[in-house]
Amino acid sequence: MTTLSAAQARRVAVAAQGFHEPAPRGPVTRAHLKRLIARLQVLQLDSVSVAVRAHYAPVFSRLGPYDRDVLDRAAWSHSARSPRLLIEYWAHEAALMAVEDWPLLRWRMRQYRHGRWGTDIVKKNARLAEEVLAAVAELGPSTAGQIEAYLESEPRGRKGPWWDRSETKWVAEALWSAGALTTATRVGFARHYELTERVLPAAVLNRQVDEADAVRELCLRAASALGVGTEADIRDYFRLAAAQVNPALADLVGAGHLERVDVEGWSAPAYLRVGQVVPRQDRGTALLCPFDPLIFFRPRVERLFGGFHYRIEIYTPAQKRRYGYYVWPFLLDGNLVGRVDLKADRAAGALAVLGAFAEDGCEPARVAGPLARELSAMASWLGLEAVTVAARGDLAPALRRAVDSPL
């Protein structure tokens, strides 16, 4: 069995996520985005916007400053000249994925036929589900509030709705999870539901994929996006079950698509795409949002990056946070060397660094300059005029000097 050193595994993982490639010299185009999605598979969605919403950040981290309208149009608009490229579904958590890949998750839609959560509410409201579908058919793309207002305005034979108002959102979300509804567009990040057959091309909508075949393909894609990963790593990428993944991996190894490898320091065997090139140098410098595919499975982060312990602290009481509210790890030459707590302060026109921390063994003076350049690029991308650095953290003094005296 092939054995990889810890450094080799890290280089493979970073390269697989696109950090070894130079950013485009010109504007980022739809074609650039399509290639990136083919590599990453998913862009996780999250409602937190303290710096920038999660799905925008991985594109910036790999392709550099870009016009976010390129991603918006790819995800939430359609025309004959520019057909929709991305669709929303539970691909990791809620995420954007390629439209063509939607059939690979039909088995999950069957599992979620009563929704992912609140299934009891949905089961007892079959009539409301029919009403919601009929309302969307009549209204076109609509928020849950618009659907509810429409249903309330319809004659019911008595005053007031016959359902609990909060149930409309539950039912709409359940229909979304079941694949009957999808997201037509977002306005202010609010989802506008639409009948799936009005959004997806007929060829995609009509394509049927057996669950075992779909899971095998998802495992292969996850392994390719990870570069090298354990069964648990591969399982997490699309949130699969062990009972699904283990036979799929055995099939992929048997078919010559993956090979089992040992990685120094890893307690479980790993899987490598057959023919995968192992880079000889550490490369890749970027700020990583908490939901970046390179780091969204925290146990893997610790294995890959020498014990880098990373947890999102949004739901931790402020006085108990170690690093901050919305902390971005910093990748420098293929290694995680620090982290910064970021906030886009629109009123001040600044990207505010509320805390800056170097990892043990990483010299702040070495980290500060490259980090300052990445922060400056991010501020410009977000339409902010400056970067400000607060005093919190051992990296803060060196970073403030680098920000104030750019080379």
Side-chain angles (χ1 to χ4, degrees), residues 13-14 16-19 33-34 36-49 52-62 71 74-76 85-112 115-117 173 176-179 182-183 186 189 191 209 211 214-245 248-249 271 288-304 310-312 314-315 326 328-329:
V14 172
Q17 285 280 308
F19 291 106
L33 182 61
K34 187 172 183 177
L36 183 62
I37 293 297
R39 180 189 289 273
L40 303 183
Q41 301 296 319
V42 296
L43 294 175
Q44 187 171 340
L45 295 162
D46 189 78
S47 60
V48 176
S49 59
V52 64
R53 293 200 190 276
H55 57 288
Y56 294 118
V59 182
F60 166 76
S61 297
R62 291 156 179 80
L71 180 52
W76 297 301
L85 179 64
L86 305 174
I87 195 76
E88 291 183 27
Y89 193 62
W90 298 115
H92 174 68
E93 287 300 310
L96 293 169
M97 58 187 286
V99 164
E100 291 78 11
D101 294 342
W102 187 84
L104 296 176
L105 291 167
R106 280 187 182 275
W107 58 270
R108 180 166 286 165
M109 295 169 200
R110 291 191 291 271
Q111 286 184 351
Y112 292 163
R116 186 177 181 186
W117 297 291
E173 280 294 291
W176 185 87
S177 295
T182 190
T183 308
R186 283 184 180 265
F189 206 63
R191 178 180 287 148
V209 184
E211 179 177 342
V215 169
R216 234 183 342 265
E217 180 63 25
L218 292 171
C219 286
L220 183 59
R221 292 180 183 214
S224 299
L226 292 166
V228 60
T230 65
E231 180 270 342
D233 298 337
I234 292 168
R235 174 162 35 98
D236 177 78
Y237 210 83
F238 289 104
R239 297 294 169 90
L240 302 170
Q244 295 173 303
V245 170
L249 291 177
Y271 295 85
L288 306 175
C289 86
F291 303 103
D292 190 287
L294 180 64
I295 61 170
F296 58 31
F297 190 45
R298 314 305 188 203
R300 172 180 165 80
V301 174
E302 293 191 40
R303 275 184 275 114
L304 276 176
Y310 180 59
R311 299 293 184 272
I312 190 166
I314 289 174
Y315 303 110
Y326 201 70
W328 298 56

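The shown structure was predicted, so the numbers you read here are calculated from the model rather than taken from an experiment.
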Query raised in the report: At what distance, to the nearest 0.5 angstrom, does CG of L45 lie from CZ of R53?
Result: 10.0 Å
**Report entry** Side chains of W76 and T183, donor plus acceptor under 3.5 Å
**Finding:** no
Requested in this report: Kindly indicate, with the supporting measurements, whether the criterion side chain to side chain contact (heavy atoms under 4.5 Å, CB included) is fulfilled by V209 and W107.
Outcome: CA-CA 9 Å; V209 184; W107 58 270; over 6 Å; no
**Report entry** salt bridge (Lys or Arg N to Asp or Glu O under 4.0 Å) assessment of R191 paired with E173
**Finding:** CA-CA 10 Å; R191 178 180 287 148; E173 280 294 291; 2.6 Å; yes
Query raised in the report: At what distance, to the nearest 0.5 angstrom, does SG of C219 lie from CD of Q244?
Result: 8.0 Å
Report summary line: Heavy-atom nearest pair, Y326 first then A54, reads OH-CB, 4.3 Å
Report summary line: Shortest non-hydrogen pair, L226 vs R300, comes out as O-NH2, 2.8 Å
Query raised in the report: Would you say the side chain of S61 lies within less than 4.5 Å of the side chain of F19, judging by non-hydrogen atoms?
Result: yes
Query raised in the report: Rounded to the nearest 0.5 Å, how far does CD of E211 lie from CZ of R108?
Result: 10.0 Å
Report summary line: Applying ring-ring contact (aromatic ring centres under 6.0 Å, His included) to F297 and not counting sequence neighbours gives none
Report summary line: R39 and A225 have their tightest heavy-atom pair at O-CB, 3.4 Å
Report task. Would you give the length of the straight line joining atom CZ of F296 to atom CG of D46, rounded to the nearest 0.5 angstrom? Result -> 13.0 Å
Query raised in the report: Would a 4.5 Å heavy-atom cut-off, applied to side chains only, mark I87 and M97 as touching?
Result: yes
**Report entry** Non-neighbouring partners of R239 that pass salt bridge (Lys or Arg N to Asp or Glu O under 4.0 Å), sequence neighbours left out
**Finding:** E93, D236
**Report entry** Any residue meeting side chain to side chain donor-acceptor pair (under 3.5 Å) with R221, in chain and number order, not counting sequence neighbours
**Finding:** Q41, D101, E217
Query - Criterion side chain to side chain contact (heavy atoms under 4.5 Å, CB included) on L105 and Y89, from CA distance to verdict - result: CA-CA 9 Å; L105 291 167; Y89 193 62; 3.8 Å; yes
**Report entry** Pairing residues for W90 by the side chain to side chain donor-acceptor pair (under 3.5 Å) criterion, not counting sequence neighbours
**Finding:** S177
Query raised in the report: If you round to the nearest 0.5 Å, how far is CD of Q17 from CG of L294?
Result: 5.5 Å
**Report entry** Salt bridge present between E88 and R186 (N-O < 4.0 angstrom)
**Finding:** yes
Query - Sub-4.5 Å side-chain heavy-atom contact between V99 and L86 - result: no
Requested in this report: Determine the minimum heavy-atom distance between L249 and Y271, stating which atoms define it.
Outcome: CD1-CE1, 3.7 Å
Report task. Ignoring hydrogens and angles, tell me if any N or O in the side chain of H55 forms a donor-acceptor pair with the backbone of L43 under 3.5 Å. Result -> no
Report task. For F238, check ring-ring contact (aromatic ring centres under 6.0 Å, His included) against everything at least two apart and list the hits. Result -> none
Query raised in the report: If you look at every heavy atom in P293 and V42, which pair is closest and at what distance?
Result: CG-O, 3.9 Å
Query raised in the report: Is a donor on one side and an acceptor on the other found under 3.5 Å between the side chain of S49 and the backbone of V52?
Result: no
Requested in this report: Tell me, please, which residues at least two apart from E302 pass salt bridge (Lys or Arg N to Asp or Glu O under 4.0 Å).
Outcome: R311
Query raised in the report: If you look at every heavy atom in A75 and L96, which pair is closest and at what distance?
Result: CB-CD2, 3.8 Å
Query raised in the report: Once you round to the nearest 0.5 Å, how far does CG of L104 lie from CG of L218?
Result: 5.0 Å
